[in-house]
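Take a look at the structure set out below.
Only this structure's heavy atoms are used, side chains among them; waters, hydrogens and symmetry mates stay out. All chains are named by letter (A, B, ...) in the order of the sequence lines, taking the proteins before the strands, and each is independently numbered beginning at 1.
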Amino acid sequence: MSSNNDAQGEQLALIRESVRKAKAKAPRAKPRTWRGAELAGRLPVARVLVDKGPVHLDKLWDYAVPAELDEDARPGVRVRVRFGAGTRNVRDGRREGGGLLDGFIVDRVEESEYRGPLAAIAQVLSPEPVLGPRLLSLCRAVADRYAGSLADVLQLAVPPRHARIEAEPSPALLPPPKVPAAGSWERYPTGRAYLEALARGDAPRAVWTALPGPHWAEELARAAAAALASRRGALVVVPDGRAAARVDAALTGLLGEGRHVLLTADTGPEERYRRWLAVSRGSVRAVVGTRAAMFAPVRDLGFVAIWDDGDSSHSEQHAPQPHAREVLLLRAAQEKAAFLLGAFGCSVEAAQLVRTGWALPLAAERERIRAVAPLVRTVGDGDLARDEAARAARLPSLAWQTAREGLRHGPVLVQVPRRGYVPRLACERCREPARCGHCAGPLEARDGGTLHCGWCGTEARDWHCPECGGARLRAQVVGARRTAEELGRAFPAVPVRTSGRDHVLDTVPGTPALVVATPGAEPVAEGGYAAALLLDGWALLNLPDLRAGEEALRRWLAAAALVRGQEAGGRVVVVAEPTLRPVQALVRWDPAGHAVRELAEREELGFPPVSRMASVSGPPEAVAEFLALAELPPGADVLGPVPLPAAVAGRPRRPGDAPVGERWERALVRVRPGRGAALAAALKTAQAVRLTRREGAPVRLRMDPPDIG
DNA sequence: AGCACGCCGACT
DNA sequence: GTCGGCGTGCTC
């Protein structure tokens, strides 16, 4: 009988086990290392996180601490340990073979749970405790949140070592600064109260819709300074080096030198490590930097802030691709710190933080917004059709007039689309994006001319627009770059400056000039631009992305925020349909309202961030096997898999793309709100099982995939 | 990942 | 008897 067989099998297993135990000698409470080398008297067991190497299942390994390493082998230090099934000489427990791997001591304990002889720590690489308990638990939370391995996250969080820098002493900690004045925070009804709460040592959480203009950097600096004044630390994460330099300058103006550091990519590795160590050692308590700074081990963290969370550079490029906003949210929760998310726009995630009550909105009153924001006017299709001049010159009359008038008073910004975007299919008549009838994913044209859903792959035959009944689709591309050049020729007396991907200008003088820039590369003009022309409306709105509207609005607001207020004559012209929601939000300067409506719609359609999504990509068999194996949380929705676009010429390579020449598929898994953690855990488990069993090719996992059409 | 172990068939 | 295939499991 099968039960009999089972019993026999168990018995055999027991016998095998007891034989093995006999061979390995009886379990011992205290570790005994090879040749009875002397062990540390107290806490002779080190719990080690092995950093690189094979599929460690995110577990800790116990090692013996030799007496001579007792002093240095403190929690948090980097060590080298022998790891791997080497040749074991059972008689005296000596081990040979097995590779030396890097790791971190996480803890020192009296006894090991491990029933067997412990190997000894081979070397303490440095006595510097670089992985403290706070940083470790943050990294663990990030790994869990993103279905990634702890080792991957540690690689993002702990910079590589430079022995020479460690030998230098860090500067002495300066006394906390005085509580800063509220300054331009007074422009917000609750601004002063927010600052006072920080200075008092409270942990206020806010989503801040910043007024247009240059004050935001100063305001971030004041908030950080208020946290420092409460004897706590502060961390400010911004999207790029230019923004970081502005906050850095504001902090220096407020606090002088020595109370904060700037951590950005363009600091060399050694200087960067010097600054990181100063933070880790607690001699500097404030950090401003780009996304890698999100892990900076600030002591007694009292305040975290992120500027412009909608900017895609807040997404880490390396596995498991955590987003700075999410990491700072975890930090604020774990370390009970204040939280400030600021932007000219408002991401849907930010709106959700307000909706759930986790953060309070911090915004100016309507009247003040109207005063400091430029006057925004639109040019839609109807206007263009009626506009003879526009058809001839491919630029609407209103834009000409606005540029001409603006150039009499100062510089004029022209925002043009960047090359390399793929427009999304939309109804030709009403421009409603074409969506799948089954799962509401975006429709895409395949080579054969058929229409398919980009999420679930269902073919859409006989498509009709649900809004207006139209049956024709369009994916138009406008040549606005050329238009900008033409504009330059039309004003020969005026200098033309360009700022784009490879050549980004930081500032331009306040004298008349045409400044042509791609989104995100707009220079700041001294005294503000007199006017701005936003020529990329259609192109931005038709990016094949769920966030196209939000993203278009974000970029328009970022450009328009550099323009003088309407009371000072500031004017903006946007070439886009005035009936579209993001366009209306720009005209009314109401980003928060836009985000709230967008959030409601996402909720209705079951889109992220209201639902949570993950993508699973890899060779078709691997994706199928993975999905069959994974024990997804109840109610999980699997969309697809669909073929992934191979890396092709003409489109910039994206991180999610299949390797060249390989045919990959991608499935999306969607769960209800609140099930994100369970989804991540299920995916991580399935991945671990497949990797240890070596079942087929591994799949690539991505939580919150950014490019879901 | 390596590297052992172990349980099978084919050989000097 | 002994050598060696690779399937399974462990690495402190």
Checklist entry - Does the distance from a Lys or Arg side-chain N to an Asp or Glu carboxylate O, for A:D308 and A:R325, drop under 4.0 Å? => result no
Item to check | Protein-nucleotide distance (A:F83, atom CZ; B:dA4, atom C1'), rounded to Å | outcome: 14 Å
Checklist entry - With centres under 5.5 Å and planes under 30° as the test, does A:Y114 stack with C:dC12? => result yes
Next on the checklist: Looking only at side-chain N and O atoms, does A:T685 offer a donor or acceptor that is under 3.5 Å from a partner on A:E631?
Outcome noted: no
Item to check | Distance in angstrom units between A:L691 CG and B:dA1 P, rounded | outcome: 7 Å
Item to check | d(CD, A:E113; C1', C:dC12) in whole Å | outcome: 13 Å
Item to check | Protein-nucleotide distance (A:R82, atom CZ; C:dC12, atom P), rounded to Å | outcome: 10 Å
Item to check | Test of ring centre spacing under 6.0 Å for A:Y114 and A:W61 | outcome: no
Checklist outcome for this item: A:D102 atom CG is separated from B:dA1 atom P, nearest whole Å, by 19 Å
Item to check | Exercise: do A:R78 and A:S126 side chains pair donor with acceptor under 3.5 Å | outcome: no
Checklist entry - Starting at CZ of A:R108 and ending at P of C:dC12, how long is that distance when rounded to a whole Å? => result 19 Å
Next on the checklist: Rounded to whole Å, how long is the line connecting atom CG of A:D62 with atom P of C:dC12?
Outcome noted: 11 Å
Next on the checklist: Distance check needed: B:dC3 P versus A:L100 CG, whole Å only.
Outcome noted: 14 Å
